[in-house]
Amino acid sequence: METVVNGANTGWVLICAALVMLMTPGLAFFYGGMSRSKSVLNMLMMSFTALGIVSVLWVLYGYAIAFGSSRGGLFGWSSGLVGLDDLVRNVTVDSAENGVVNTFGLPDLAFSGFQVMFAIITVALISGAVADRMKFGAWVAFTAIWSTVVYFPVAHWVFAFGVAEEGGQGAGASGGLFAADSGGWIVNRLGALDFAGGTAVHINAGAAALALVLVLGKRKGFAKEPMRPHNLPFVMLGAGLLWFGWFGFNAGSALAANGLASLAFVNTQVATAAALLAWIGTERLRDGHATTLGAASGAVAGLVAITPAAGAVNPLGAIAIGLVAGAACCLAVTLKHRLGYDDALDVVGVHLVGGLVGTLMIGVVADGEFAAGYESVLGGGSFALLGKQALAAVAVMAYSFIVTYVIALAIKATIGLRISEEEEITGIDQTTHAESAYELGASMGGGGGGLASATSAPLPTSTRVSS
Amino acid sequence: MRLVTAVIKPFKLDDVKRALEQIGVQGMTVSEVQGFGRQRGHTEVYRGAEYTVSFVPKVRVEVLVDEADAARVVDAVVAAASSGSIGDGKVWTVPVDEVVRVRTGERGAEAL
């Protein structure tokens, strides 16, 4: 155990934390471009309010629940972590003895600053499912309650390493890590591999999105009138920012500037690339067109799927995961039309399905030469890891779905989940936020030439369409 | 007096404007509209969901002209707006009873 702050590791993790922070605004644009022009501001707001609410809750008690002393592996609690108090005592002293420096020579405060960004984006991911129709107040309440009773405990299950128990992947005999004296049950007892949050972040958000839209109901006109993305360049921009930030998410999860971080970095790039190609290839075969939305969606599906696996597979395994994720998610996003649930921007199809693909495929393609416990079906000939991965995935999925369903019912019964039909048709931007994203048309003061040079001026995108 | 109305492809607007200026037309009103004729719409695919866009963007040009100039203006618009492919649009005229210039109060042909 290092006793002084390791500058390289600390610098790397702090930079990665900033990269992960940028993913949430990136996600806001990814979703915002896919939504309709009358509700793009609400879509951006849901991500930005997640940044606001979760950051504060994290400092108040979120870190204490996720990384406090483990209570049976189910959740943590250490009253000294309220307000991150224990972490800031003697923070200027480079010593392990004051409890602020962990195994990697990383101040726990840096780890906390890195992990809060995961908590923020996980709840923000859910917002894509509820586009156009969820009461803003209900979203605020949902963000606070869901983070508290779903994300913080599940993050403990998956991210809170501790003293290794039998079969677990704990930190070893040197003692506890990140203040959790014995860690979360998935990472420590079950020993499933989740490098950066395929279960805690993506399966969790995807299952929650499904439960929430089942209570919330469909958008007015779902499956009857077309709901086209209003700004595909925003979607591409958002996907690019997500891709960039994801290097922090995955490579940063090594918690050190080392070879493992490099492996995660390369795997992230190549799996994302493969998934992008698989998605546009699949839709080219199925629909006859390779689309920009497909390229952006494929990239995100690949990022999701490699998240749990980034430190457990070699680059060829990463390509395999990317190819399967790109094709599987491309097929899965059409399920909502067949099954009739309105997951507006495909949080289930991309994050739940992509998260499952990555989490399960670890059991198939993990490189058995990396470490004990990494023996997979193809890399070591063992089915044991696949079983652990499946159990972790199902546990997170079931807990998230059930608890989210109850939260949604409770909000529906108290303050209400949905805006009125009239507000929804008019547009939630105007009726809830008293703003419009765009000023369309010269007569509204938008001016600036407009029709005078119509050959180069864009026409409004409010083209009416019918299915 | 007559009102000449043309619904044309948006990218032909500059050509039509230039052609009308060349034959001495001094003003016009232009609006962005949507619709379809024999061209019908087109289909778009988003994440596997196929949408038929039945109304396509067009530009409507309106010009008030003297009775005697109407035929020449229509011919000029047709010549300038034509691309030879389906969806080029239509031009029609209707009689106009009265025109008043707001600034001066001039009426009829004086107001054109």
Side-chain angles (χ1 to χ4, degrees), chain A residues 33-34 222-230 232 235 279 282-298 301 329-338 343-346 349-350 440-443 450-467, chain B residues 4-22 25-37 39-63 76-77 79-83 85 87-89 91 102:
Chain A
M34 263 188 277
F222 174 68
K224 293 188 201 82
E225 50 187 87
M227 296 168 176
R228 298 190 296 169
H230 91 284
L232 286 170
V235 177
W279 188 304
T282 303
E283 65 179 5
R284 174 71 180 80
L285 290 174
R286 186 186 59 193
D287 312 320
H289 305 279
T291 66
T292 54
L293 181 59
S297 308
C329 293
C330 182
L331 298 173
V333 291
T334 62
L335 281 177
K336 68 178 177 185
H337 295 293
R338 260 175 262 166
D343 169 20
L345 310 183
D346 301 311
V350 175
L440 297 172
S443 62
L451 284 163
S453 53
T455 43
S456 60
L459 286 159
T461 53
S462 56
T463 311
R464 283 182 58 207
V465 289
S466 68
S467 58
Chain B
V4 179
T5 304
V7 173
I8 59 171
K9 286 183 168 170
F11 79 94
K12 282 291 185 182
L13 178 59
D14 267 7
D15 292 344
V16 169
K17 173 165 163 276
R18 212 172 299 121
L20 291 176
E21 281 168 349
Q22 274 167 7
V25 171
Q26 295 195 344
M28 67 185 69
T29 304
V30 173
S31 41
E32 292 164 350
V33 294
Q34 287 148 23
F36 65 86
Q39 177 193 10
R40 308 302 302 182
H42 60 273
T43 56
E44 298 181 4
V45 189
Y46 298 98
R47 282 185 172 170
E50 194 166 281
Y51 298 144
T52 304
V53 182
S54 48
F55 297 102
V56 294
K58 296 285 171 186
V59 167
R60 181 174 60 204
V61 182
E62 289 165 305
V63 189
V77 171
S82 172
S83 72
S85 60
D88 274 353
V91 186
V102 172

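Lettering follows sequence order; numbering is per chain, from 1. Predicted model only: the values in this text are computed from it and were never measured.
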Assert top hit (heavy-atom pairs under 4.5 Å, partner chain B, pool A:Thr282, A:Thr334, A:Leu293, A:Leu331) equals A:Leu293
On a heavy-atom basis, the closest approach of A:Val333 and B:Arg47 is CG2-O, 3.8 Å
Comparing A:Ser297, A:Cys330, A:Gly294, A:Gly288 against chain B, the one with the most heavy-atom pairs below 4.5 Å turns out to be A:Ser297
With B:Tyr46 as partner, the option from A:Arg228, A:Met227, A:Met34 fulfilling side-chain contact (heavy atoms from CB on, under 4.5 Å) is A:Arg228
The interface call for A:Thr291 against chain B, heavy-atom contacts under 4.5 Å, is side chain
The interface call for A:Leu232 against chain B, heavy-atom contacts under 4.5 Å, is side chain
Closest non-hydrogen atoms of A:Arg286 and B:Gly48, given as atom of the first, atom of the second and distance, are NH2-CA, 3.3 Å
